[in-house]
Asker: 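Before I ask anything, let me first share the structure, which is written out below as structure tokens.
Chain letters run A, B, ... following the sequence lines, proteins first, then strands; residues in each count from 1. Heavy atoms only: backbone and side chains are in, while hydrogens, waters and symmetry mates are out.
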Number of protein chains: 4
Amino acid sequence: MNKVILIGNLTKDPELRYTPNGVAVATFTVAVNRPRTNQAGEREADFINIVAWQKLADLCATYLRKGRQAAIEGRIQTRSYDNKEGKRVYVTEVVAENVQFLGGRSNDGGGDNAGFDPGFGGGNKPSGQRNNDFDPFGDPFASAGKPINISDDDLPF
Amino acid sequence: MNKVILIGNLTKDPELRYTPNGVAVATFTVAVNRPRTNQAGEREADFINIVAWQKLADLCATYLRKGRQAAIEGRIQTRSYDNKEGKRVYVTEVVAENVQFLGGRSNDGGGDNAGFDPGFGGGNKPSGQRNNDFDPFGDPFASAGKPINISDDDLPF
Amino acid sequence: MNKVILIGNLTKDPELRYTPNGVAVATFTVAVNRPRTNQAGEREADFINIVAWQKLADLCATYLRKGRQAAIEGRIQTRSYDNKEGKRVYVTEVVAENVQFLGGRSNDGGGDNAGFDPGFGGGNKPSGQRNNDFDPFGDPFASAGKPINISDDDLPF
Amino acid sequence: MNKVILIGNLTKDPELRYTPNGVAVATFTVAVNRPRTNQAGEREADFINIVAWQKLADLCATYLRKGRQAAIEGRIQTRSYDNKEGKRVYVTEVVAENVQFLGGRSNDGGGDNAGFDPGFGGGNKPSGQRNNDFDPFGDPFASAGKPINISDDDLPF
DNA sequence: TTTT
DNA sequence: TTTT
């Protein structure tokens, strides 16, 4: 049993990429507000990385945008890879099995990337940030919008 | 909404520590088998780090041992800290809100650390591994069994 | 472990009542759409009865209205009572432990049963059905808005 | 979103039946102990009816027995039917999507129906009890172990 | 009509 | 590196 249910808001537009075999994979981060404020009285959130595959990846890339609210059902996945300094990096993320699009911040529009880029979210991310050693979401999906070098071992199906 | 439910087996005995204020915190890792084998036909698992606080920490330290099976209800928490090389490390873990002790591998005994160490789990971990930069569970809880320097900001209550 | 998570829309306004001891209890039904259409190609829903107590009852009565969307976390409860014909009636319902108010159908839309009902649900229940022997939600909360004769045994806290 | 996760013990052996089309359906009830005692200091439980279909029905009938512990993932389903007195009966049950067999009360044996009847659970139920008007689990699955008159509308796939 |  |  490995079950996760989240309701949160996207911190950015989803990024849609493809494996060498052409399998669609969407990644995004969801901010889930904590129920209570911390000792300093501030509202905090957890920022949880989500991975969606195949048809669900396409749906997420099409319907989700920065700020929108979504309910995500999935499972926690842990994996590791060696970064370019040869250190093993451990990643914990949620593999989405079902996503329900909720009301969220507006029908979309207005936001950061409105108007352009309806198919996927790339571009709004400072380049050079991916492949960063510590970025838990940076690897192994590198170049947005086109095939990348990812092992079939990462496919969860 | 941030809900996690896991059933898995402990990879090691829990480690019980205390914050400077004397609050008990137990950490352990649970291996949750994936429903399907991978392309190579191997059974894989996700290794998910769990944190329990206060009375629940004591219960986990008392009743859980390496190999035992447990059902864990909790929430995903993300946090970050700066490691000793000044790099920001991002951590994703599950904060347990409820733990149910299941049958598991044996009544306890037999296993790696049987007989000794009923109060907490340390010792069975190769020393030198903690404080490793990339160990997502290594920091900020350093010295097992006694108070450590941890900010009150990490207390989830 | 007894965990339920639902996202659905209220079929009616919540009903707020009080036990003889003055404890608030709110009841409402949530329609949760099924993911697939049935063999006849129709969209179906499950109609799930929710009970909330105390402060959460007040919040539900204040913020929820017919048609609104909510995420409900809770647990399944079964109970039974003898109806006025002396037959034992079995009831299965969800005791809410947490409710998140989502966007839903309109910001609220007028009052109680506002006029016309563009969403769905209203008025489609034959009046006189409440207090019917078989209505799984009709009993034991009878008279809306004021104290009623309910055993303390039903209080889940 | 309609998600249920339960860990409980079977109150009886599962009953395995077949629709007119030969689809396997297993039904059983799981007792889930409540975390707290009630005002009278008694330990209470919720008795939750489970329905499993197809291959999962066969697995449940094969591996589950009275007293055994299981983790059930599924969804709440509500349906209604007219009993033989022409009254509409409302049913709330859990449709299992995944069942994990846990340790439970013993490897099986000992129990009520040990030794005999390894394929399905019938027989241990007082006859005449099914088709009772109020039995929330009695209808529409009537005759154990062989095809019965059930509408295709009840198939959840 | 309930289980450990 | 974060959302409402």
Side-chain angles (χ1 to χ4, degrees), chain A residues 6-15 27-34 43-50 64-70 72 102-106 110-112 121 124-130 132 134-138, chain B residues 1-2 78-80 87-90 100-103, chain C residues 1-2 78-80 87-90 100-103, chain D residues 6-15 27-34 43-50 64-70 72 102-106 110-112 121 124-138:
Chain A
L6 307 170
I7 298 179
N9 299 80
L10 273 78
T11 62
K12 294 188 183 141
D13 289 1
E15 305 197 18
T27 55
F28 55 96
T29 299
V30 120
V32 183
N33 294 312
R34 296 196 185 155
R43 198 106 212 278
E44 286 180 300
D46 294 290
F47 296 93
I48 301 169
N49 293 325
I50 314 288
L64 289 179
R65 284 292 172 279
K66 176 181 179 174
R68 294 228 58 177
Q69 192 180 37
I72 292 140
L102 300 173
R105 191 194 48 169
S106 76
D112 256 355
N124 59 328
K125 198 153 200 178
S127 76
Q129 190 184 53
R130 300 265 130 197
N132 183 295
F134 290 93
D135 186 337
F137 225 26
Chain B
M1 174 90 51
N2 182 340
T78 59
R79 58 185 174 85
S80 62
K87 286 197 158 175
R88 178 131 295 229
V89 182
Y90 294 93
Q100 189 169 346
F101 309 121
L102 301 174
Chain C
M1 175 90 51
N2 182 339
T78 59
R79 58 184 173 88
S80 63
K87 286 196 158 173
R88 179 133 293 231
V89 182
Y90 294 93
Q100 189 169 344
F101 309 121
L102 301 173
Chain D
L6 307 170
I7 297 179
N9 298 80
L10 273 79
T11 62
K12 295 189 183 138
D13 289 1
E15 304 197 17
T27 55
F28 54 96
T29 298
V30 121
V32 183
N33 293 313
R34 297 196 181 154
R43 198 109 214 273
E44 286 180 300
D46 294 290
F47 296 92
I48 302 169
N49 293 325
I50 314 289
L64 289 179
R65 283 295 171 279
K66 176 180 178 175
R68 296 228 55 178
Q69 191 181 38
I72 293 140
L102 301 173
R105 191 197 45 169
S106 78
D112 254 354
N124 58 328
K125 199 153 199 178
S127 79
Q129 187 183 57
R130 299 264 128 197
N131 271 349
N132 182 295
D133 301 340
F134 291 91
D135 186 336
F137 225 27

Asker: Measure CZ/A:Arg68 against C1'/F:dT3 and give the value in whole Å, please.
Answerer: 13 Å
Asker: Rounded to whole angstrom units, what separation is found between the CD atom of A:Glu44 and the C1' atom of F:dT1?
Answerer: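 My rounded result for the distance is 17 Å.
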Asker: Starting from C1' on F:dT3, measure out to NZ on A:Lys66 and report it in whole angstrom.
Answerer: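 Nearest whole value for this atom pair: 8 Å.
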Asker: What's the CD-P distance between A:Gln69 and F:dT2, to the nearest Å?
Answerer: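 Result: 21 Å.
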Asker: If you look at every heavy atom in D:Leu10 and D:Arg65, which pair is closest and at what distance?
Answerer: CB-O, 3.5 Å
Asker: Using whole Å, what does the distance between atom P of nucleotide E:dT1 and atom CZ of D:Phe28 come to?
Answerer: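 Going from CZ in D:Phe28 over to P in E:dT1 covers 21 Å.
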Asker: How close do A:Asn33 and A:Ala45 get, heavy atom to heavy atom, and via which atoms?
Answerer: OD1-CB, 3.7 Å
Asker: Taking the side chain of D:Asn33 as heavy atoms from C-beta outward, which of F:dT3, E:dT2, E:dT4 is closest to it?
Answerer: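 Given the options F:dT3, E:dT2, E:dT4, the side chain of D:Asn33 is closest to E:dT4.
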Asker: To the nearest Å, how far apart are C:Leu102 CG and F:dT3 P?
Answerer: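 Going from C:Leu102 (CG) to F:dT3 (P), I get 20 Å.
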Asker: Could you work out which one of E:dT2, E:dT3, F:dT3 sits closest to the side chain of D:Thr29?
Answerer: E:dT2
Asker: Quick one: list whatever passes side chain to side chain donor-acceptor pair (under 3.5 Å) with D:Asp46, sequence neighbours left out.
Answerer: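 For D:Asp46, the residues satisfying side chain to side chain donor-acceptor pair (under 3.5 Å) (neighbours in sequence not counted) are D:Arg34.
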Asker: Nearest to the side chain of D:Phe47, heavy atoms from C-beta on, is which of F:dT3, E:dT2, E:dT1?
Answerer: E:dT2
Asker: For A:Thr11, check side chain to side chain contact (heavy atoms under 4.5 Å, CB included) against everything at least two apart and list the hits.
Answerer: A:Thr29, A:Ala31, A:Phe47
Asker: For A:Ile50 and F:dT1, give me the distance from atom CD1 to atom P, rounded to whole Å.
Answerer: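 Distance, rounded to whole Å: 20 Å.
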Asker: CZ of A:Arg65 versus P of F:dT3: gap in Å, rounded?
Answerer: 17 Å
Asker: Determine whether a donor-acceptor pair (one donor, one acceptor, N or O, separation below 3.5 Å) exists between the side chain of A:Asn9 and the base of F:dT2.
Answerer: no
